[in-house]
Amino acid sequence: MDSLNQHSKLYILKRSHHTPRPARLSLNYAEALNAQQLAAVEIVDGPALVIAGAGSGKTRTLVYRVARLIELGIDPSAILLFTFTRKAAQEMLSRVGQLIGPASERVTGGTFHSVANLLLRRYGRAIGLDPGFTILDRGDTEDLINLLRGQLGLNETGKRFPRKHTLAEMFSKSVNTLRSLDDLVLTQYSHFSDYLPEITKLHQAYLTAKQQRQLVDYDDLLVKLRELLGKDESVRHNISQTYRYILVDEYQDTNPLQAQVIRGLAATHDNVMVVGDDSQSIYAFRGATFRNIMDFPRLFPGTKLYKLEENYRSTRPILELANHIIAAAPEKYSKTLFTRSQGGSPPTLAQAVSEHAQSRFVAQKILELREEGIPLDEIAVLFRSSFHTFDLELELSRCNIPFIKRGGFKFVETAHVKDLLAYVRVIHNPHDTVSWNRVLLLVEGVGPKRARDVLTGVLDTDRPFDVLKAVTGRAGQGLRDLATMLERVSQGETRPPAELLADVMDYYLPILKDHYDDYPKRIRDLEHLTIMAERYDRLDEFLADLTLEPPDESVMDVTGQDRDDERLVLSTIHSAKGLEWRCVFIIWLVDGRFPSTYSFLTEEDLEEERRLLYVAVTRAKQKLFLCYPINIYDKITGSVLSKPSRFLDHVPPTLLESWTLVEEDEAYHWR
């Protein structure tokens, strides 16, 4: 036997990629994390639900878990990280890279829709989807619906027939909540129930048009991915084996469709960790459901539950208030936020005699805080609905307090940016009906009927530019100029997107100046778009990113403001989620406005309002002011609003410092 060993060769059996190789960890995880975070980070296989309270370091937990998986020897390309913005994924993976090096670059991270886009372009042929499909944003979707509505003669059905925005909302909500269109219309849009046959007919035409033209709307990305995972077993197995470790951030904000996608992606394993906070589930109006996070253990039997309760943001008095507000919720994962820091003043509950008195208090107190050295951009005023700030905005202007209000059009939703992109999309996908319709309507002399007629000819031929050149009459020259430009630019589609955009801009600028009086501001937006395009080598990637992760601000939104100036933040609570400020004011905390009268109808809606207040309270780091006016006549209900929000009913008086706002010349009566 010994002689045999002397002459034998060694053949190395490679370790299976399914089995992590033993590794010496370079990071001291126990030192970097608290005990609750460490427990969540150390789990490797199996399903896990991490209930992460506000300000409890959930991002840190996700970052360290990804780092530890890689350090244990798991292939980084087997890790899939879902976040609600691509920027969040990039920032998380950048932090992983700072901890363990460049291996993090091989982790796949992004939004549900961007990951779906990636997988559908790679595997979509299995369900008849060409890799060159065009993604429609919400505006494009509405335009296509309107185009089909006209073709079906539904514009003449009567004044109560839903508009394109409402129709797009119906179609989208049906998809994301997994409810039939009939059921949705009859329950949530009952005032349009007489038109249900026409709405159904239009929806079918919409589905057919998208399929014929290789168009995919935002919701289709997830619908098609679910279809792919459900219909093709080999593709499902391949994808699931590729991504053997799945992490999902903000799981409380997912909808039923996204939950099904996660279940499909994990078909060959249960290695799914979702992180979220049931107490911060506030996006039902977008189709998100509180049930997803509550039912995760049923979707993945054997789920291990972890809780992150140590808060690193707020003072103890603010956390005590938040805990009492959410404690009254009938269904929840019980948790108690705590902090190791000491001190902090109790939140203030300020009662005003009128809306204007409330506005004056907020403005006056902000000026006092500013004098104390707190910058304006470290102060926020939060509210349930946008119209709650109209009076306050006037008072802030009167006091010369600069502010920014969250909201308005997104950059790619502005008309001039959509115009320019429509030309580029036609070049990229000559079958893009929506973009063709938009660019045709920009030609002088072309109205909706002429556009439909020309569009029919364009889509029925392989030589669309010849169709444009053949048109005579008032619009003839304009269509010939359009054809000449598109034909010239199309020949160079392989050029960098920035060069192609510059060519299209030369054609579009005279049209821009003719359509908009404020064209100098809009030109700056288009120049910004061209600068953004310089980061891309391929047109399809540029267009996909603009749709999946659009930039937030138009130059027009910030004109006249110095970007370096301090500005107070006015924000709806929905827009404030995930953010924090040293001082926070919550206004209109009166029963009937917050919670809204509309939420009194169902317990589900009322509980979402409670969670909304919890989110608002936990945005504050040091100082919190709860404000409400009394004796306010509500025109909608015909009643007088006179008591603070019912969500404060069970809060011990010792947790709040109550203030009654009085006029200066009346103050001596209270002394």
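- The backbone N or O of D277 sits nowhere less than 3.5 Å from a side-chain atom of S281 that would complete a donor-acceptor pair.
- For residues 323-334, the pairs satisfying salt bridge (Lys or Arg N to Asp or Glu O under 4.0 Å) are R291-E331, with sequence neighbours left out.
- S645 places no side-chain N or O within donor-acceptor distance of the main-chain N or O of L648, the cut-off being under 3.5 Å.
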If you look only at distance, which donor and acceptor atoms sit under 3.5 Å apart when one is on a side chain in residues 90-104 and the other is two or more places apart or in another chain?
residue: S104; atom: OG; partner: L93; partner atom: O; Å: 3.4
residue: S104; atom: OG; partner: G97; partner atom: N; Å: 3.4
residue: S104; atom: OG; partner: G101; partner atom: O; Å: 3.4

(request) Decide yes or no on side-chain contact (heavy atoms from CB on, under 4.5 Å) for T339 and Y312, but give the supporting numbers first. (result) CA-CA 7 Å; T339 178; Y312 295 94; over 6 Å; no

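- A salt bridge is absent between R65 and E42; no separation between the charged side-chain nitrogens and carboxylate oxygens falls under 4.0 Å.
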Could you give the side-chain donor-acceptor pairs of residues 616-625 under 3.5 Å, partners two or more places apart or in another chain?
residue: T618; atom: OG1; partner: Y614; partner atom: O; Å: 2.9
residue: T618; atom: OG1; partner: V615; partner atom: O; Å: 3.1
residue: R619; atom: NE; partner: V615; partner atom: O; Å: 2.7
residue: R619; atom: NH1; partner: L579; partner atom: O; Å: 3.0
residue: R619; atom: NH2; partner: Q280; partner atom: OE1; Å: 3.3
residue: Q622; atom: OE1; partner: R582; partner atom: NE; Å: 3.4

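- In this structure a side-chain-to-backbone donor-acceptor pair under 3.5 Å is missing from E657 to L349.
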(request) Evaluate the side chain to side chain donor-acceptor pair (under 3.5 Å) criterion for residues N117 and S114: first the C-alpha distance (whole Å), next the side-chain angles of each, then the deciding distance (0.1 Å), finally the verdict. (result) CA-CA 5 Å; N117 175 56; S114 64; over 6 Å; no

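- In this structure a side-chain-to-backbone donor-acceptor pair under 3.5 Å is present from Q358 to W588.
- Side chain to side chain, Q36 and E310 fail the donor-acceptor criterion of an N or O pair below 3.5 Å.
- Paired with F296 under the rule side-chain contact (heavy atoms from CB on, under 4.5 Å), one option of L305, T254, V272 passes, and it is V272.
- Y333 places no side-chain N or O within donor-acceptor distance of the main-chain N or O of V50, the cut-off being under 3.5 Å.
- Side-chain atoms of T597 come within 3.5 Å of backbone N or O of G592 as a donor-acceptor pair.
- No side-chain donor-acceptor contact under 3.5 Å links Q351 to the backbone of L661.
- A donor-acceptor pair is defined here as one N or O able to donate and one able to accept, closer than 3.5 Å; no such pair exists between the side chain of E607 and the backbone of E604.
- With a 4.5 Å cut-off on side-chain heavy atoms, I404 and L568 do not count as touching.
- Under the ring-ring contact (aromatic ring centres under 6.0 Å, His included) criterion, Y306 pairs with no residue, sequence neighbours left out.
- Among all heavy-atom pairs drawn from A259 and N292, the shortest one is CB-ND2, 3.6 Å.
- In terms of heavy atoms, E566 sits closest to D377 at CG-OD2, 4.2 Å.
- Inspection of the K405 and S571 side chains reveals no N or O donor paired with an N or O acceptor under 3.5 Å.
- The closest side-chain donor-acceptor pair between N311 and S56, if any, does not fall under 3.5 angstrom.
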(request) Just do the side-chain contact (heavy atoms from CB on, under 4.5 Å) check on I366 and F585 with the steps written out, would you? (result) CA-CA 9 Å; I366 287 170; F585 293 79; 3.7 Å; yes

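- Scanning for ring-ring contact (aromatic ring centres under 6.0 Å, His included) contacts around Y29 gives Y64, with sequence neighbours left out.
- Applying the side chain to side chain donor-acceptor pair (under 3.5 Å) rule to pairs touching residues 394-404 yields E395-R398, sequence neighbours excluded.
- Relative to the ring axis of Y628, R593 does not place its NZ or CZ within 45° and under 6.0 Å from the centre.
- Salt bridge absent: D278 and R611 never bring a charged side-chain N and a carboxylate O closer than 4.0 Å.
- Under a 4.0 Å N-O distance rule, the pair K418/D137 qualifies as a salt bridge.
- For S575 and T572, the side-chain atoms include at least one donor-acceptor pair closer than 3.5 Å.
- A salt bridge links R313 with E580: the distance from a Lys NZ or Arg NE/NH1/NH2 to an Asp or Glu carboxylate oxygen falls below 4.0 Å.
- Each of L570, L382, V569 was evaluated against R406; a single residue qualifies, V569, per the side-chain contact (heavy atoms from CB on, under 4.5 Å) test.
- Using a 3.5 Å distance cut-off with no hydrogens or angles, the side chains of S334 and K307 do not pair a donor with an acceptor.
- Annotation: side chain of F600 is in contact with side chain of L606 (closest heavy-atom distance under 4.5 Å).
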